[in-house]
Amino acid sequence: MPRSEPRSPYDGAWHSTFLYTNRFISAQRQTSDAPFFMIPTAPEGGANNNSPACKIEVPERLTVSHGALVRNGLTDRCICLPVREAVDAEILLVHSEEYLEAVKQTPHMTLEDLKEFTLQYGDVYFHPNIYHCAKLAVGSALQLVDSVLMGKVKNGMALVRPPGHHSMRSAANGFCVFNNVAIAAQYAKQKYGVKRILIVDWDIHHGQGVQYCFEDDPSVLYFSWHRYEHQKFWPNLKDSDYDIVGKGEGAGFNINVPWNKVGMENSDYLSVFCHVLLPIAYEFCPDLVLVCAGFDSAIGDLEGEMCATPDIFAHLTYLLMNLAEGKLCAVLEGGYNLTSLAQSVCQTVQTLLGDPLPPLTNLTGPCRSTLESLQCVRAAHRQHWSCLRHAVDLPTFEISTIRIKSSGEENKDEAEVWEEQKSPEEKIWPEPPKRVSPRVCSAVVLPDGVVCPDACERLSSSEDLGPHLLTLKKDFLKDADDSAVTALSRVFSLIDKMKNNEIRNGLALVGDAAMTMTCVVQHVAAEVDSRVFLVCVGNGNIPGHIIEDGKTLVVQISGEDTEEQGSKYYVPVCLKKGCTDTSGFAQAMFSLLLPLGYQHNPSLVLLVRMPGSGVCDIMWQQLTALLQSFAQGHTLVLLQEDDKACVGPTASILLGNPAPPLGQLPASLKEDAEAVERLRSRLQADWNLLLATAPENGGTDEG
Ligand code: SS9
Ligand code: ZN
């Protein structure tokens with residue numbers, strides 16, 4: 001049958017695709033269950049809604065995303081299951097009976113009636129089959145929650161449409177009919193007794209429907225960033241601004257980060273994660289993470305007009321995967337540039353599958369507008385979250401919310417606006433490079449008799465004694481005994497194997513961690529283009545030549561007061577009670593380590609645990625896990641012989657398992673919080689991803 005032009009948005013609508021990623025055993029590929037997809041026949045005809053906006057929420061969003069997953073070999077590694085329709089009782093967890101009954105009528109309406117029905121809501125288009133699709137979208141989200149909470153899969157992504165986050169109790173809105181993620185959250189609470197749920201909405205639009213659903217509920221923490229432009233951007237609500245933090249019991253459990261300019265980049269997104277979302281999310285300690293995974297926040301999308309690249313979603317996903325023991329369900333929301341959408345979906349799924357993260361380059365730090373937003377959000381939430389209590393240079397900054405319509409725009413008809421939007425430079429960006437997993441994930445160098453998980457590859461045979469033996473004897477270890485030389489030689493071969501991408505990461509239990517650390521840094525720094533991120537936990541002297549090589553960035557977390565020796569490349573974090581204080585340590589991780597690591601963009605992470613560091617296993621595991629964000633997962637962990645008991649917990653993380661939760665974090669010591677803040681202030685001129693406040697006198701951003 002010939003198609004009439006223009007196409008209706010639901011012409012050829014097919015089922016929500018639903019896929020689970022399969023991660024029962026981390027880093028171990030498991031053959032998936034027989035994939036099952038239902039490809040329904042394309043319905044012909046339907047409401048020919050000529051409104052231009054509906055041209056973008058199209059079935060191709062799913063077919064193209066799914067096609068990209070297939071092409072990249074990702075569906076083969078996932079468990080794909082059939083979708084189901086949500087039942088009335090599930091939809092009623094969030095929506096009113098009247099609204100459900102009204103939507104139920106839509107498949108039987110005449111086109112005239114459908115058009116009229118549609119008009120009572122904002123920016124939503126009803127096709128005769130949308131009720132069916134919407135029930136499948138909700139049902140898919142619930143299937144995913146079921147599978148994750150029953151432990152059948154570790155995490156997953158539901159590829160669904162229509163999206164959900166704008167729909168409200170009794171209203172469709174912004175392409176959304178039923179609120180897929182809000183229903184999923186209520187369902188998880190009711191059916192599984194989940195106590196705390198974090199919803200991260202990285203779609204470029206504010207999910208006001210989700211906000212309204214949970215604004216007085218302290219068991220659901222809702223975070224959304226969104227294009228706002230001081231309320232000039234759709235849906236133009238005051239409710240989307242930073243000062244809307246939740247009501248009553250729920251005060252503090254709603255976080256809005258407005259983007260007041262377009263063109264935001266990877267740095268802007270990361271700085272909001274480091275300085276707002278992650279500290280609060282860890283303090284909250286969710287049992288389940290739901291993501292309103294909209295990709296209209298990526299480059300190329302004409303709704304969002306942002307410039308963050310698809311590979312940022314690999315990082316955003318990963319940074320959430322060590323919460324809630326990895327129980328993460330991503331549910332598709334927006335994303336209207338088919339190329340950008342498909343790439344972003346692949347990046348997200350590949351991360352859920354546990355592949356190494358792509359390196360992020362050109363992190364130049366947040367723009368001024370982002371800093372203003374960060375400052376406002378942190379100020380608005382400091383009374384609710386103890387991680388922000390001691391933040392400095394808050395909250396004096398007042399930003400007026402300007403609401404001026406640019407002249408003439410209100411007189412334009414929608415089609416004209418659309419044509420204008422379509423014409424500006426079509427953005428071009430390179431396709432994200434392939435992320436290759438080395439054959440071996442973790443290799444270990446351990447003294448005989450020390451056990452570690454089977455999945456690790458042990459370097460012990462004599463052939464593993466790399467070519468370094470002689471050099472070692474000559475340069476470093478003149479007086480050392482043979483076993484020390486052998487061990488160091490094996491450590492060097494771990495590094496070589498990482499460099500050749502034969503292994504992802506390595507772990508060594510050595511007689512002298514400090515000495516080994518020094519040798520390793522010297523060895524790696526000798527290479528061109530190498531950059532080391534040395535994270536040293538516990539007391540111990542860092543030799544001066546390491547700090548000054550200009551390639552090695554050292555962060556040392558300890559109880560020793562070495563602050564005045566700091567420099568651009570040496571960041572001593574002194575905690576009052578040493579590494580035993582979880583909250584202080586966590587704060588240092590998010591607001592110092594992560595931004596520094598991202599900006600340094602190392603080729604190797606060297607993580608050293610000094611003897612007697614006092615850091616607890618879980619904290620250590622969280623640290624090890626977070627550091628996997630850098631250097632494509634090339635991390636070398638050094639432990640000292642007395643820390644044998646730490647081999648298992650460390651190896652588990654290196655193999656890709658999520659770190660256990662830290663528990664709901666108490667307030668950190670005032671002294672510790674202040675020490676971290678002092679370091680941020682001292683270093684932010686050199687490392688501007690550390691910035692979280694707008695300079696008082698600063699100018700404005702161009703553009
Ligand atoms: C103004 C354009 C509004 C609605 C976008 C809904 C996106 C859902 N007429 N566009 S993720
Ligand atoms: Zn959106």
Side-chain angles (χ1 to χ4, degrees), residues 9-10 16 49-59 61-62 65 118-126 130 133-134 137 141 158-168 171-182 199-211 222-229 231-237 240 256-259 262 264 269 291-306 308 313 316 330-338 340-341 344-345 348 405-406 409-422 424:
Y10 300 105
S16 309
N49 192 321
N50 281 315
S51 178
C54 71
K55 274 189 188 158
I56 60 176
E57 207 292 279
V58 292
R61 297 178 58 234
L62 295 188
S65 301
T118 292
L119 285 177
Q120 56 183 317
Y121 305 116
D123 295 279
V124 68
Y125 307 93
F126 280 86
I130 198 172
C133 289
L159 286 182
V160 301
R161 59 178 290 276
H165 68 154
H166 298 300
S167 69
M168 290 159 275
N173 183 261
F175 310 154
C176 302
V177 176
F178 299 135
N179 202 315
N180 309 320
V181 169
I199 300 178
V200 176
D201 189 337
W202 70 44
D203 187 281
I204 206 58
H205 301 96
H206 181 216
Q208 84 277 37
V210 185
Q211 170 172 308
Y222 177 62
F223 167 94
S224 173
W225 64 32
H226 34 266
R227 180 170 172 188
Y228 190 57
E229 297 174 290
Q231 214 183 319
K232 283 200 284 174
F233 189 71
W234 187 90
N236 314 87
L237 303 170
S240 310
N256 284 334
V257 180
W259 299 121
V262 295
M264 294 301 175
Y269 287 12
V291 180
C292 286
F295 298 101
D296 41 18
S297 44
I299 190 162
D301 194 291
L302 295 169
E303 287 286 308
E305 294 187 61
M306 296 300 173
F313 296 103
L316 303 185
V331 180
L332 183 65
E333 298 280 357
Y336 306 101
N337 176 313
L338 297 180
S340 175
L341 169 67
S344 302
V345 167
T348 303
K405 269 200 165 179
S406 55
E409 205 159 88
E410 60 271 60
N411 301 323
K412 273 179 200 148
D413 106 298
E414 247 188 358
E416 273 173 45
V417 175
W418 173 247
E419 280 313 315
E420 267 172 32
Q421 281 177 5
K422 239 180 16 173

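We use all heavy atoms of the structure for the numbers below, so side chains are in, but hydrogens, waters and symmetry mates are not. Just follow the structure's listing: the first ligand is 1, and inside any ligand the first atom is 1. Everything numeric in this text was worked out from a predicted model, so none of it was measured.
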- request: Could you go through the side-chain contact (heavy atoms from CB on, under 4.5 Å) check for Arg61 and Leu338 one step at a time?
  value: CA-CA 6 Å; Arg61 297 178 58 234; Leu338 297 180; 3.9 Å; yes

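Between the Zn ion (ligand 2) and Glu333 there is no N/O/S contact shorter than 2.8 Å. The Zn ion (ligand 2) has no N, O or S atom of His166 inside 2.8 Å of it. Among the backbone and side-chain atoms of Asp203, an N/O/S atom is found under 2.8 Å from the Zn ion (ligand 2).
Contact annotation for Glu303 and ligand 1: only side-chain heavy atoms (C-beta onward) come within less than 4.0 Å of the ligand. With a 4.0 Å heavy-atom cut-off, ligand 1 is reached by the side chain of Tyr336 but not by its N, CA, C or O. Here Asp203 has side-chain heavy atoms under 4.0 Å from ligand 1, and that is the only part of it that gets that close.
The closest approach of Asp296 to the Zn ion (ligand 2), by N/O/S atoms, is made by OD2. Nearest N, O or S atom of His205 to the Zn ion (ligand 2): atom ND1.
Near His165, with a cut-off below 4.0 Å to any heavy atom, the atoms of ligand 1 are 11 (S). Atoms of ligand 1 lying under 4.0 Å from any heavy atom of Asp296, numbered from 1 in the order shown and given with element: 11 (S). Shown in contact with Gly334 at under 4.0 Å from a heavy atom are these atoms of ligand 1, numbered in order with element: 11 (S).
Ligand 1 has no atom lying under 4.0 Å from any heavy atom of Glu57. At least one heavy atom of His205 lies less than 4.0 angstrom from ligand 1.
Contact of the Phe295 side chain with the Val345 side chain is registered, since non-hydrogen atoms from C-beta on lie closer than 4.5 Å.
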